[in-house]
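Both backbone and side-chain heavy atoms feed into the values below; hydrogens, waters and symmetry mates do not.
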Amino acid sequence: MIYFDQAATSLYKPACVTDAFLDYLNRVGANPGRGCYDSAVQAGRMLYSVRKKVSAFFGAPDAANTVFAKNSTEALNLFLNGFLAPGGHVLISPYEHNAVLRPLEALRQQSRITYSVIPPELLRCPEKGLVSMLQPDTRLICCMLASNVTGQLVFSGEISAFAHAHGIPVLVDASQGASYKLIDMSTDGIDFLAFTGHKDLLGLPGTGGLVSLSPLNIPPLLQGGIGTLGESYLTPQLSPEGYEAGTVNMPALWALGAAFDYVQEHLTVHRRILSELTEQLLSGLDRIEHIRVYNRSLPRVSTVCFTAETFTPNEIAEKLNEQGICVRSGLHCAIKAHETLRTAQTGTVRVSLGPFHTASEVERFLAVLRIIVSSNK
């Protein structure tokens, strides 16, 4: 099998990640913050050490401002529902994932907020026209790091510079590209960042979180036990524990710490491999007739999407699957992106690569695709 769906989840995990998961289960096993006995205290210390690694990786100054969630979707719901509780207006990129769009749309339908979609051309030159989109109550600019559809880098320092010049904080969804583009929240002007562990960070499912430059100071999303202040009838607004009600997925979080160590150690090599494989993929697609690649020339991560003139994306994906090649077809949980690309009726075929893929796998994919699109239906 050739698995080219890294943007959905990374299939191959480093041995250190699975080893850490089993190590926690076999050696510690207890819940952090839920007791004063040795293993519970050790679990708390281990959880804090993972917070430190995540904060350092993203350039956040205080580990206490890293809140864990089961994925970036939960982290984004936590932030958007809490930060926008008094209302306001939000600007979003035209490529946002449903993890951003749907919480905002739900708030809009409840008449709690409004939001506007930034035209693609203004993303690249925000200072030249974005000011016209600001409203008196604009409270947030939300922008993904990289598109999960086209692979293009969406966030830029120019967006943060523009936002901060007008006193507006910036939220970045780093679900895609977190291990490909180096991020320093302090220098890049990112006030809040959501991430998920199971994609290019090579962690396990059920991990993710929200990182902020300053204490969140927003209402919790969940009500329940946090292991402290048990006399309170409501979950206290306490960072980070107050935003992690219930038992955290500590075995997977300990494995996430190992994944961050691994990604940090191999970052330069992985970026070179992915850059070479992505260029091989794009160059090969350029040589196949009847294929259209979307946003081909923009700076990108290792995700590419395309359509074929004579086959639907689902047909392409099904025929590739028959040859043992796994790609994603459809709308990729990002309807706004497809409306922007004008592919909302059919979707696209998405190919997303990881650092463990090889040039021979890319060549095999291109050869099979060439046969498919040259054949009759």
Side-chain angles (χ1 to χ4, degrees), residues 9-10 12-25 27-33 39-72 74-76 78-79 145 172-188 190-216 227 239-241 243-244 247-271 354-355:
T9 194
S10 53
Y12 308 108
K13 313 294 185 183
C16 62
V17 172
T18 53
D19 288 347
F21 180 83
L22 294 174
D23 171 67
Y24 189 87
L25 290 175
R27 184 170 58 87
V28 184
N31 288 342
S39 56
V41 172
Q42 182 182 8
R45 290 171 177 163
M46 294 168 78
L47 180 59
Y48 179 70
S49 73
V50 180
R51 287 193 210 280
K52 288 181 65 177
K53 289 178 183 179
V54 173
S55 301
F57 185 86
F58 290 122
D62 191 343
N65 296 336
T66 290
V67 172
F68 289 121
K70 66 177 181 287
N71 46 48
S72 54
E74 184 176 79
L76 289 162
L78 161 66
F79 178 76
L145 178 62
V172 168
D173 175 2
S175 300
Q176 304 291 331
S179 72
Y180 189 86
K181 177 175 170 55
L182 295 176
I183 302 170
D184 188 306
M185 293 177 65
S186 298
T187 58
D188 292 338
I190 300 172
D191 301 281
F192 308 98
L193 180 144
F195 74 96
T196 197
H198 68 102
K199 299 180 188 288
D200 59 347
L201 290 170
L202 306 180
L204 302 180
T207 58
L210 180 68
V211 187
S212 58
L213 287 183
S214 56
L216 276 179
S239 187
E241 294 89 349
Y243 302 104
E244 298 172 348
T247 299
V248 299
N249 189 359
M250 192 59 211
L253 287 175
W254 186 238
L256 181 67
F260 269 86
D261 287 340
Y262 182 89
V263 167
Q264 187 77 57
E265 180 181 353
H266 297 86
L267 195 61
T268 301
V269 173
H270 284 181
R271 292 183 75 190

S.K.: Between CG of N71 and NE2 of H198, what distance do you get to the nearest 0.5 Å?
M.R.: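 One gets 6.5 Å once the value is rounded to the nearest 0.5 Å.
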S.K.: Which atom pair, heavy atoms only, marks the closest approach of K13 to L202?
M.R.: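 Here K13 and L202 meet closest at CD-O, 3.6 Å.
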S.K.: Can you confirm whether K70 sits close enough to N249 that some side-chain heavy atom of one is under 4.5 Å from a side-chain heavy atom of the other?
M.R.: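 In short, these two side chains do not touch, never coming nearer than 4.5 Å.
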S.K.: Treating D200 as the side-chain partner and A178 as the backbone partner, does any N or O pair qualify as donor plus acceptor under 3.5 Å?
M.R.: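 Answer holds: yes.
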S.K.: So, does D188 use its side chain to make a donor-acceptor pair with the main chain of I190 at under 3.5 Å?
M.R.: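 The answer is no, because no donor-acceptor pair under 3.5 Å joins these two groups.
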S.K.: What is the ring orientation for F58 with F195, classed by angle as parallel under 30°, tilted 30 to 60°, or perpendicular over 60°?
M.R.: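 Correct class here is tilted.
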S.K.: Let me confirm one number: the OG1-CZ distance from T207 to F68, rounded to the nearest 0.5 Å.
M.R.: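 Going from OG1 on T207 over to CZ on F68, the span is 9.0 Å.
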S.K.: Give the C-alpha distance, both sets of side-chain angles, the deciding distance and a yes or no for side-chain contact (heavy atoms from CB on, under 4.5 Å) between L201 and F57.
M.R.: CA-CA 11 Å; L201 290 170; F57 185 86; 4.1 Å; yes
S.K.: Side chain of N65, backbone of V211: donor and acceptor closer than 3.5 Å?
M.R.: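 Here the side-chain-to-backbone pair does not exist.
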S.K.: Measuring from atom CG of D173 to atom CZ of F79, what distance do you get when rounded to the nearest 0.5 angstrom?
M.R.: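 Going from CG on D173 over to CZ on F79, the span is 12.0 Å.
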S.K.: Side chains of D191 and S212: closer than 4.5 Å at any heavy-atom pair?
M.R.: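 Sidechains of S212 and D191: no contact.
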S.K.: Any chance you could measure R27, atom CZ, to S39, atom OG, to the nearest 0.5 Å?
M.R.: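 The OG atom of S39 is 11.0 Å from CZ of R27, to the nearest 0.5 Å.
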S.K.: Are any non-hydrogen side-chain atoms of D23 and W254 less than 4.5 angstrom apart?
M.R.: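 In contact.
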S.K.: Return the minimal non-hydrogen interatomic distance between A60 and L213, and the atom names on each side.
M.R.: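 Scanning both residues completely, I find the closest heavy atoms to be CA-CD2, 4.4 Å.
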S.K.: Please check if the side chain of S10 supplies one atom and the backbone of Y12 the other of a donor-acceptor pair under 3.5 Å.
M.R.: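 No, because the side chain of S10 does not come within donor-acceptor range (under 3.5 Å) of the backbone of Y12.
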S.K.: Donor-acceptor pair, S179 side chain versus V263 backbone, under 3.5 Å?
M.R.: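 Here the side-chain-to-backbone pair does not exist.
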S.K.: Would you indicate whether R45, at its atom CZ, is surrounded by more than 12 heavy atoms from other residues, nucleotides or ligands within a distance under 6.0 Å?
M.R.: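 No.
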S.K.: Closer than 4.0 angstrom, basic N to acidic O: yes or no for R51 and E244?
M.R.: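 Salt bridge present between R51 and E244.
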S.K.: Would you name the heavy atoms of E74 and A69 that are closest together and state the gap between them?
M.R.: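 E74 and A69 have their closest heavy atoms at OE1-CB, 3.1 Å.
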S.K.: CG/L47 to CE/M250 distance, rounded to the nearest 0.5 angstrom?
M.R.: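 Interatomic distance, L47 CG to M250 CE, rounded to 0.5 Å: 5.0 Å.
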S.K.: Quick one: pull up CG in L78 and CG in L210 and give me the separation to the nearest 0.5 Å.
M.R.: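 If I round to the nearest 0.5 Å, the distance is 6.0 Å.
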S.K.: Taking all non-hydrogen atoms of both residues into account, name the closest pair between F21 and A252 and its distance.
M.R.: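 Looks like CD1-N, 3.8 Å.
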S.K.: Would you find a donor on one side and an acceptor on the other, under 3.5 Å apart, between the side chain of E265 and the backbone of D261?
M.R.: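 Between the backbone of D261 and the side chain of E265 there is no qualifying donor-acceptor contact (under 3.5 Å).
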S.K.: Restricting to non-hydrogen atoms, name the atom on S55 and the atom on T66 that form the minimum distance, rounded to 0.1 Å.
M.R.: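 Of all heavy-atom pairs spanning S55 and T66, the closest is OG-OG1, 2.6 Å.
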S.K.: Is it true that T196 and S175 share a donor-acceptor pair across their side chains at a distance under 3.5 Å?
M.R.: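 Result is no, nothing qualifies.
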S.K.: Could you pull out all residues at least two apart from Y262 that satisfy ring pair (Phe, Tyr, Trp, His ring centres under 6.0 Å)?
M.R.: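 Residues passing ring pair (Phe, Tyr, Trp, His ring centres under 6.0 Å) with Y262: H266, H270.
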S.K.: For L256 versus G203, what's the shortest heavy-atom pair and its separation?
M.R.: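 Minimum heavy-atom separation between L256 and G203: CD1-CA, 4.5 Å.
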S.K.: Find out whether S186 and P61 are in side-chain contact, i.e. whether some heavy atom of one side chain is under 4.5 Å from a heavy atom of the other.
M.R.: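 Yes, side chains in contact.
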